[in-house]
There are 2 protein chains.
Amino acid sequence: MTWDHQQAAQFLHDRDGFLILTHRRPDGDTVGCAIALCKALRRLGKTAYVLPNPDATALFDPYWGDVPAPADFQPDTVVSADIASESLFPPNAEAYKGKVDLCLDHHPSNTGFARYNCVEADKAACGELIYRIITQWSPLDQETALPLYLAVSTDTGCFVYSNTTPHTHRVAAELMETGIDYAGVNKRHFRTKSYTRLRLESRMVETMDLHHSGRTAIAALSLRDMADFSATEEDVEDIAAVVGQLAGVHTAVTIRELKPGECKLSVRTAADLDASRVCALLGGGGHAAAAGCTVYGSVDDAKAAILNAIDQVQGETGATGG
Amino acid sequence: MTWDHQQAAQFLHDRDGFLILTHRRPDGDTVGCAIALCKALRRLGKTAYVLPNPDATALFDPYWGDVPAPADFQPDTVVSADIASESLFPPNAEAYKGKVDLCLDHHPSNTGFARYNCVEADKAACGELIYRIITQWSPLDQETALPLYLAVSTDTGCFVYSNTTPHTHRVAAELMETGIDYAGVNKRHFRTKSYTRLRLESRMVETMDLHHSGRTAIAALSLRDMADFSATEEDVEDIAAVVGQLAGVHTAVTIRELKPGECKLSVRTAADLDASRVCALLGGGGHAAAAGCTVYGSVDDAKAAILNAIDQVQGETGATGG
């Protein structure tokens, strides 16, 4: 059943014994929403916890506080935050498939897997929806505003992505006015990089190939690169952004060698080339502006394969460049 | 004389024949404010122009339109936008020293050089002040909202710097609601880097020195580096940010070799070290968190000199690290 945020707020207000779920490979939006909702429910006198997420990185350590659920907690009401489908549940949430009472989300692709589904797809961040729900109960306090600011800022790249709306900015203003350390959140999440990350980015830039008069850029991170800098998965989060920012580039390809003989490719394109058609030629898929595929071979094999696929789609469509 | 924004709006409404000045080495705030004010005055039926700024980079080309003043324009009213003192006038504005009727600014250091001075130092961007002035005359339109969004976003690093306030976000929301292409502005100014810029950053990271268990980082750009990538001044704009983002670093030093035997140093520090004291030892100065100095010698000489100065100030204050 589909609900609006007022129905969702009423339901939460009426129930108790909450367990809140976050999605696999959690980002600031799912983490921030779950923590803020948990704290707001506790302010209503409810028992509420967030299911610990085994994938959560140290980046979110400052926000958890005492919200993680003890292992033996038996919920009466299960709520999901920022989860588009049950396939995105972390491993320890498997037992809750088919048992979510209320799904709170903003993804257009939401599958409506819960008993009640409140999905506001016009919101840049799920945090904007949680803001609307919890401000119906009482004014914001810093305990709820800080994780909501985390949610709203991270899902918009700190208000820079094209999903950002006037509503996003107005919510941010309200959250900031509670007196939270938003500058600290900005510094931590948007103005800090590890030395390892910086060196990985440098290696990618140094070894980047440009084609089609600079309209196509192909960068790669090999297993050797990862080993050279003792890099972890955390260090390569959203690494495709490095190529994506290059001026004049219409097609940005990032290749990651995941194991010997297996490369994962991310392809981002401007309007003149359909990334999903390019990746489909290599057995992958995605959207027109961003798609992906896997090539079984070396980094050099992957470069040759994707360049060939780009040329093929350009030849078919008569596109003038990559 | 000091004026509030309502008095400034009334004065502008009463006068005509406007020439608007921008500051030396113009940024998005001074350029955006001048253009927005010019267009808003024209909507009131006034004659208004912006004095062309010889230092303006190509980054701002899309915004100028028909506002630059013809060479023979004789103003009746001279207004400055985002200029803290007459020493910041570009060379072609020298003739207007002592002749500015109204100064509109947000710098706490404003010298009050004009006949009437309207300075709101609590604003992150001068664009927030211009917004308050022109919305007293009529609702925003896209022609004024786009340059104001440029002003507000660039002076806050797209809402990430610690100067950003709730007011900044609320103004951004109002500007965005006019239907401007704010995503295009964000992409152009915050999500695009030239290949030359990326390669300069990589070179800096590759050659960076870490000291004091990683708490001090010293990066350099030599004349050789600049030549290797045919880099211009535009490519090195705010290049000190590269070292400043490094996780765990308390003291970030960026050295630029300006000519053989002359290096300019930028020093940014956390609360445990006074950057101005460090730079004072080398004949420079600045603020506690950000200062600068010049070392006459090679890049290696400059590295040795600044490291020695840091050690000396740390020794005096008993600071535990850089």
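Just the heavy atoms: all of them, side chains too, but no hydrogens, waters or symmetry mates, feed the values below. Just so we're on the same page: letters track the sequence lines, and every chain starts at 1.
- Residues B:Gly244 and A:Lys187 approach most closely at O-NZ, 3.6 Å, considering heavy atoms.
- Distance OG/B:Ser194 to CG/A:Leu246: 8.0 Å, rounded to 0.5 Å.
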Checklist entry - What's the verdict on side chain to side chain contact (heavy atoms under 4.5 Å, CB included) for B:Gln245 and A:Lys193, showing C-alpha distance, side-chain angles and the deciding distance? => result CA-CA 6 Å; B:Gln245 70 187 333; A:Lys193 286 182 181 176; 3.5 Å; yes

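- When heavy atoms are compared at a cutoff of 4.5 Å, B:Met204 does not approach chain A at all.
- At a heavy-atom cut-off of under 4.5 Å, chain A is reached by B:Cys158, B:Phe159, B:Val160, B:Tyr161, B:Ser162, B:Thr164, B:Thr165, B:Pro166, B:His169, B:Arg170, B:Ala172, B:Ala173, B:Glu174, B:Met176, B:Glu177 from residues 156-178 of chain B, listed in order of number.
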